[in-house]
Amino acid sequence: MSSELQYKLHDLEMCLISHNSRSREFITTDVPINKDNIFAKSLNGYSDGTGFSNLGFELFFPITPKLCLFLYDPKTYKITNSNSMNVKINDKDIDKINKYFYLNSNSNLYFSEKISEDYLKKHILSYEKHSKNKILEDSFRKHTNSKGQDSLYEFRIDSSQGKLILPFIKMTEYAKTITLKT
C-alpha cells in the first residue's frame, strides 16, 4: 500500500514548519497525520477533498515538539514566506495548528512536559469538539441527479473537522481560476 500512496503523493511540495517559542510546542494525537483541503472546502462545501489525489490536498504531520512537516499541492497553494522550505511561525499559529490537531483526534493528545494543563484548557480544549451524532449527521449526504431523483448516497466518517487557515499559505493564481460546474 505504501508504494501506491507514494505515487499519489509524488507531486506534493514539502515545507517544514518550525518555531522558537519558549511557551508553546506542537502536540500530536492518536491521529498523527492530519489531512485538509481548504481549496475543496471553499469550492463546493460538500467534499472535504482529503483524498490523497485531490487537487488542493494538504497534509500536516508533527514530527517533534518544534517541527511539523507540511506537504501541499503546489498547483493550488504557494508559501509566501521568503524561505518556502522552512517557515517559522509564532505562538498564535502554533495554537491554530494544535487546535486543528485536537479537533481531528479521536480520544488522545500527546505532548511534552512543557505543555501545561492551563495552556490546553485556554488554547486547545476551549473549542467544543463536535458531538459524535453531529459528525455522523454531517457525514451522510444524499445527492440527486438532474431529474431530482436520489442518485447517490455518500457516507464519510473520515472527513476533517475545522479549517486550518495559516497566513503563509495562499492560493495560486491557477487555483483562483477554478470554479465548480453545476
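Heads up: numbering here begins at 1 and tracks the sequence.
Shortest non-hydrogen contact noted between Lys75 and Tyr174 is O-CD2, 3.4 Å.
Using modelled atom types, one side-chain atom of Asn90 and one backbone atom of Asp93 make a donor-acceptor pair closer than 3.5 Å. A donor-acceptor pair is defined here as one N or O able to donate and one able to accept, closer than 3.5 Å; such a pair exists between the side chain of Asp30 and the backbone of Ser107. Between the side chain of Asn98 and the main chain of Glu25, a donor-acceptor pair closer than 3.5 Å is present. In terms of modelled atom types and a separation under 3.5 Å, the side chain of Asn37 and the main chain of Leu55 share a donor-acceptor contact. The main-chain N or O of Phe70 is never found under 3.5 Å from a side-chain atom of Glu58 such that the two would form a donor-acceptor pair. A donor-acceptor distance shorter than 3.5 angstrom exists from the side chain of Thr172 to the backbone of Ala175, with no hydrogens or angles considered. In this structure, the side chain of Thr80 engages the main chain of Phe168 through a donor-acceptor pair within 3.5 Å. The backbone N or O of Val87 sits nowhere less than 3.5 Å from a side-chain atom of His19 that would complete a donor-acceptor pair.
Taking 4.5 Å as the limit, every side-chain heavy atom of Leu71 sits out of range of all side-chain heavy atoms of Phe61. In this structure, Cys68 and Phe26 have side chains that are in contact, with non-hydrogen atoms separated by less than 4.5 Å. The shortest side-chain heavy-atom distance between Cys15 and Tyr72 falls under the 4.5 Å cut-off. Proximity of Ile97 to Leu166: side-chain heavy atoms (C-beta onward) are separated by under 4.5 Å at one or more points. Considering only heavy atoms from C-beta on, Lys96 stays 4.5 Å or farther from Lys99 through its side chain. No side-chain heavy atom of Ile17 sits less than 4.5 Å from a side-chain heavy atom of Leu67. Counting only heavy atoms from C-beta outward, the side chains of Leu59 and Leu12 never approach each other to under 4.5 Å.
For Asn83, the side-chain contact (heavy atoms from CB on, under 4.5 Å) partners are Asn81, Met85, Asn86, not counting sequence neighbours. Evaluation of the side chain to side chain donor-acceptor pair (under 3.5 Å) rule for Thr177 yields no partner, not counting sequence neighbours. In terms of the ring-ring contact (aromatic ring centres under 6.0 Å, His included) criterion, Phe101 has no residue partners (sequence neighbours excluded). In this structure, Phe111 has no ring-ring contact (aromatic ring centres under 6.0 Å, His included) partners at least two apart in sequence or on a different chain. In this structure, the ring-ring contact (aromatic ring centres under 6.0 Å, His included) partners of Tyr119, at least two apart in sequence or on a different chain, are His123. Partners of Tyr77 under the ring-ring contact (aromatic ring centres under 6.0 Å, His included) rule, at least two apart in sequence or in another chain, do not exist in this structure.
The structure places NZ of Lys121 at 10.0 Å from OG of Ser116, a figure rounded to the nearest 0.5 Å. In this structure, CG on Leu16 lies 8.5 Å from NZ on Lys88, to the nearest 0.5 angstrom. Rounding to the nearest 0.5 Å gives a distance of 6.0 Å between OG1 of Thr76 and CD1 of Ile178. Distance check, rounded to the nearest 0.5 Å: NZ of Lys170 to CD1 of Ile165 gives 9.0 Å. Separating the CD1 atom in Ile94 from the CD1 atom in Ile27 is a distance of 11.5 Å, to the nearest 0.5 Å. We find the CZ-CG distance between Arg22 and Asn20 to be 9.0 Å, quoted to the nearest 0.5 Å.
Residues Asp91 and Ser21 bring a donor and an acceptor atom of their side chains to less than 3.5 Å of each other. Using a 3.5 Å distance cut-off with no hydrogens or angles, the side chains of Asn106 and Thr29 do not pair a donor with an acceptor.
No continuous path of ILVMFWY side-chain contacts below 4.5 Å connects Tyr110 to Ile63, so the two sit in separate hydrophobic clusters.
In the displayed structure, Lys66 atom NZ is contacted under 6.0 Å by more than 12 heavy atoms of other residues, nucleotides or ligands.
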Tyr102 vs Tyr100, ring pair (Phe, Tyr, Trp, His ring centres under 6.0 Å): CA-CA, chis, key distance, verdict: CA-CA 5 Å; Tyr102 162 68; Tyr100 185 76; over 10 Å; no

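A salt bridge links Lys41 with Asp36: the closest approach of a Lys/Arg side-chain nitrogen to an acidic carboxylate oxygen falls below 4.0 angstrom.
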